[in-house]
Amino acid sequence: LLLADSPGGPALLAALRPWFAAYTDWLLTSDLGLDEAKQANNHGSWYDVQVALFGLFAGQTEPAQQVLGQFREKRLLTQLQPDGGQPRELARTISLSYSLMNLEALTLAARLAEHLRIDLWRGQEPPGPGIRDAVDYLLPYVPDDRHWPHQQIKPAGPIAGARGLRLAALRYDAYAYEQAWVTRAGSEAPRHRLNLLHATPVPSKPTPRFHCH
């Protein structure tokens with residue numbers, strides 16, 4: 001879509017959209033796709049994101065409506081503890097990496113859901129943990145993860161969690177979320193491709209609420 005107005009852009013989109021429509025159909029009907037849909041961890045989250053993202057791009061809103069309409073009950077309420085921890089990701093040997101990767105899927109699903117007037121950012125009925133709880137659980141460990149209380153057998157990398165934290169910063173007007181990944185990324189932050197995709201948040205008064213562990 002960034003290339004849509006460039007020379008050759010319309011032809012490129014005309015060729016890509018049918019390909020992604022076919023791929024979305026494959027995700028929804030193939031044995032591999034159906035198996036991923038059943039997964040209760042980051043695999044399931046990212047499956048839903050792919051179905052929604054590729055479906056919306058290809059003009060297929062029905063699959064996106066279905067997976068995003070069920071996302072809160074099927075993903076958020078089953079994957080998150082009341083304090084925002086992600087037990088299925090915390091059980092991994094690189095638990096911070098997996099938690100941040102799944103957080104990106106949760107926030108991207110919420111961003112895509114906005115196109116369908118579905119609000120996954122705020123708490124709704126039935127009550128339970130939400131995306132902001134997941135962000136706040138991880139926030140204290142993003143700038144410096146030396147005190148992360150779970151297993152992490154290799155470094156998470158300087159830009160881990162960047163997209164999830166930026167989307168959360170924009171939606172919740174909480175600049176500390178943006179600051180956390182920028183501090184972690186250091187010199188890589190200004191040239192990250194994320195800056196092409198989502199606006200850069202600006203400092204504001206609200207501060208995030210996070211838990212100490």
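The structure presented is a predicted model; accordingly, all values stated were derived computationally and were not measured. Residue indices begin at 1 and follow the sequence shown. Side chains included, hydrogens not; waters and symmetry mates left out as well; all remaining heavy atoms used.
Checking each of Thr93, Ile94, Leu96 against Gln151 for a side-chain contact (heavy atoms from CB on, under 4.5 Å) leaves exactly one that passes, namely Thr93. Of the candidates Glu89, Gln86, Arg92, Tyr98 forms a side chain to side chain donor-acceptor pair (under 3.5 Å) with just one, namely Arg92. The only option from Arg166, Arg171, Arg132 that meets the side chain to side chain donor-acceptor pair (under 3.5 Å) definition with Tyr177 turns out to be Arg132.
Nearest approach of Leu90 to Ser99, heavy atoms of both residues: CD2-OG, 3.7 Å. Across all non-hydrogen atoms, the minimal contact from Ala134 to Leu103 is CB-CD1, 4.0 Å. Shortest non-hydrogen contact noted between Val51 and Pro63 is CG1-CB, 3.8 Å. When all heavy atoms of Gly130 and Leu80 are compared, the pair lying nearest together is O-CD1, 3.4 Å. Scanning both residues, Thr78 and Glu73, for their nearest heavy atoms gives CG2-O, 3.5 Å. Minimum heavy-atom separation, Phe20 to Ala58: C-CB, 4.1 Å.
Atom OG of Ser45 sits about 11.0 Å away from atom CD of Glu36, to the nearest 0.5 Å. Taking CG of Leu139 as the reference point, atom CD of Gln179 lies at 10.0 Å (rounded to 0.5 Å). Here the CG-CG distance, from Asp83 to Asp133, works out to 8.0 Å after rounding to the nearest 0.5 Å. Distance check, rounded to the nearest 0.5 Å: OG1 of Thr107 to CG of Leu112 gives 9.5 Å. The line from CD of Gln50 to CG of Leu108 is 10.5 Å long, rounded to the nearest 0.5 Å. If you take CD on Gln66 and CG on Leu28, they are separated by 7.5 Å, rounding to the nearest 0.5 Å.
Contact annotation: the side chain of Glu104 approaches that of Trp46 to within less than 4.5 Å [non-hydrogen atoms, C-beta and beyond]. The side-chain heavy atoms of Arg72 and Ile118, taken from C-beta on, include no pair separated by under 4.5 Å. For the pair Phe57/Leu16, a side-chain contact is recorded, criterion being any heavy-atom separation below 4.5 Å from C-beta on. In this structure the side chain of Arg184 reaches within 4.5 angstrom of the side chain of Asp145, judged on heavy atoms. Contact check for Asp25 versus Phe54: no side-chain heavy atoms found under the 4.5 Å cut-off. Taking the side chain as every heavy atom from C-beta outward, Trp121 and Leu167 approach each other to under 4.5 Å. A 4.5 Å side-chain heavy-atom check between Leu197 and Arg163 finds at least one atom pair inside the cut-off. Within the 4.5 Å cutoff, the side chain of Leu56 has heavy atoms near those of the Thr61 side chain.
Using a 4.5 Å cut-off between side-chain heavy atoms of Ile, Leu, Val, Met, Phe, Trp and Tyr, with links allowed through other members, Trp181 and Val202 fall into different hydrophobic clusters. Residues Tyr172 and Leu194 are members of one and the same hydrophobic cluster, defined by side-chain heavy-atom contacts under 4.5 angstrom among Ile, Leu, Val, Met, Phe, Trp and Tyr. Grouping the Ile, Leu, Val, Met, Phe, Trp and Tyr side chains by contacts below 4.5 angstrom, directly or via other members, places Leu170 apart from Val135. Both Leu106 and Leu116 are part of a single hydrophobic cluster, where members link through side-chain heavy atoms under 4.5 Å apart. Using a 4.5 Å cut-off between side-chain heavy atoms of Ile, Leu, Val, Met, Phe, Trp and Tyr, with links allowed through other members, Leu3 and Leu13 fall into the same hydrophobic cluster.
Using a distance-only test at 3.5 Å, with no hydrogens or angles considered, no donor-acceptor pair links the side chain of Ser95 to the main chain of Ala91. Counting only distance, with no hydrogens or angles, the side chain of Tyr47 and the backbone of Leu27 share a donor-acceptor pair below 3.5 Å. Panel note: side chain Asn195, backbone His192; a donor-acceptor pair is recorded below 3.5 Å.
Ring-plane geometry between Trp26 and Tyr23 is classed as parallel, the angle between the planes falling under 30 degrees on a 0 to 90 degree scale with a further cut at 60.
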Report task. Walk me through it: do Leu76 and Phe71 pass the test side-chain contact (heavy atoms from CB on, under 4.5 Å)? Result -> CA-CA 7 Å; Leu76 298 181; Phe71 196 86; 4.1 Å; yes
Report task. Take Leu138 and Leu165 through the test side-chain contact (heavy atoms from CB on, under 4.5 Å) and record every step on the way to the result. Result -> CA-CA 10 Å; Leu138 296 169; Leu165 288 161; over 6 Å; no
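With no hydrogens or angles considered, a side-chain donor-acceptor pair links Gln79 and Asn102 at under 3.5 Å.
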